Amino acid sequence: MIKSKILIVLKEGESLEAYLDYIIDLQNLFKKEVIFLVIEDSNFWKSLEKHFVAVAFSEEGTPDLVLEELNSLSRAGKKYLEYLQNLLKEKNLEKVQIVLTHRNLLNEVRNILEKEFKLDLLIITPAANKYLFEKKSGLRKFLEKIKIPVITLSPKTS
């Protein structure tokens, strides 16, 4: 049996409070589970630098420092996931799944669809939209490849 869901794409570190009531209303309207797909803020050069530091510690014979350095790679991600879980719990949002990824959005959406999920709606938050689709044509090209209704949220200005 195919489970139908709503997918919400947001960028790590992005505040969700301004949009959460709207998301809850949509969940109640559609009566669907929600997947929050969090795009990690992956700064390639920062990550590469941490790996080089870890290698240097390893070569110096200090494996404890290597493990500490490698564990710190996702510290910000862990904090953001904790924030998100607490916020969802506070708002009593149930039937929720949180996925953290640094992968390409199109590949991740395809991955979710391959897991026998049907997506009824894709919601993209402002920071995720800006991060993933720097050019306006990028979103249009993405939408041509997947046939899911999409809502892009506007930044809250007041």
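For this chain, numbers begin at 1 and follow the sequence in order. Keep in mind that what you see is a predicted model, and the values were worked out from it rather than measured.
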**Fill in**
Closest non-hydrogen atoms of Val38 and Lys11, given as atom of the first, atom of the second and distance, are CG1-C, 4.4 Å

**Prompt:** Can you tell me how far the NZ atom of Lys89 sits from the CG atom of Leu84, to the nearest 0.5 Å?
**Reply:** 13.5 Å

**Prompt:** Does CD in Glu144 sit with more than 12 non-hydrogen atoms of other residues, nucleotides or ligands closer than 6.0 Å?
**Reply:** yes

**Request:** Can you see which heavy atom on Ser154 is nearest to which on Pro126, and at what distance?
**Result:** C-CG, 3.6 Å

**Asked** What distance do Lys95 atom NZ and Ile6 atom CD1 have between them, rounded to the nearest 0.5 Å?
**Response** 11.5 Å

**Asked** Which residue, Gln97, Gln27, Glu94, forms the side chain to side chain contact (heavy atoms under 4.5 Å, CB included) with Val34?
**Response** Gln27

**Rounded distance [0.5 Å steps], CG in Leu88 versus CG in Leu20** = 6.0 Å

**Item:** Considering all heavy atoms, the nearest Ile124-Asn129 contact
**Value:** CG2-N, 3.6 Å

**Request:** Please identify each residue that fulfils side-chain contact (heavy atoms from CB on, under 4.5 Å) with Lys145, with sequence neighbours left out.
**Result:** Leu106, Arg110

**Message:** Going by side-chain contact (heavy atoms from CB on, under 4.5 Å), name the residues that satisfy it together with Glu17, two or more places apart in sequence or in a different chain.
**Reply:** Ser15, Tyr83, Leu87

**Residues in side-chain contact (heavy atoms from CB on, under 4.5 Å) contact with Ile148, at least two apart in sequence or another chain** = Val109, Leu113, Leu119, Leu122, Ile146

**Prompt:** What closest approach, in Å, do Ile98 and Gln85 show between heavy atoms, and which atom pair accounts for it?
**Reply:** CD1-CG, 3.7 Å

**Request:** Applying side chain to side chain contact (heavy atoms under 4.5 Å, CB included), run through Tyr22 and Leu153 and close with a yes or a no.
**Result:** CA-CA 10 Å; Tyr22 178 69; Leu153 299 175; 3.8 Å; yes

**Reported CG-to-CD1 distance for the pair Leu37 and Ile123, which is rounded to 0.5 angstrom** = 12.5 Å

**Message:** Would Phe133 and Thr152 count as a side chain to side chain contact (heavy atoms under 4.5 Å, CB included) here? Give the steps.
**Reply:** CA-CA 11 Å; Phe133 307 109; Thr152 55; over 6 Å; no

**Item:** Listed once per pair and sorted, the salt bridge (charged side-chain N to carboxylate O under 4.0 Å, His left out) pairs that draw on residues 21-37, sequence neighbours left out
**Value:** Lys5-Glu33, Asp21-Lys91, Lys32-Asp120

**Message:** Suppose we screen for side chain to side chain donor-acceptor pair (under 3.5 Å). Which residues come up paired with Glu14, at least two apart in sequence or across chains?
**Reply:** Thr125

**Message:** How long is the straight-line distance from CZ of Phe36 back to CD1 of Ile23, given to the nearest 0.5 Å?
**Reply:** 5.0 Å

**Prompt:** Going from CD1 on Ile24 to CG on Asn92, what distance comes out if it is rounded to the nearest 0.5 angstrom?
**Reply:** 8.0 Å

**Leu10 vs Tyr19 side-chain heavy atoms within contact, under 4.5 Å** = no

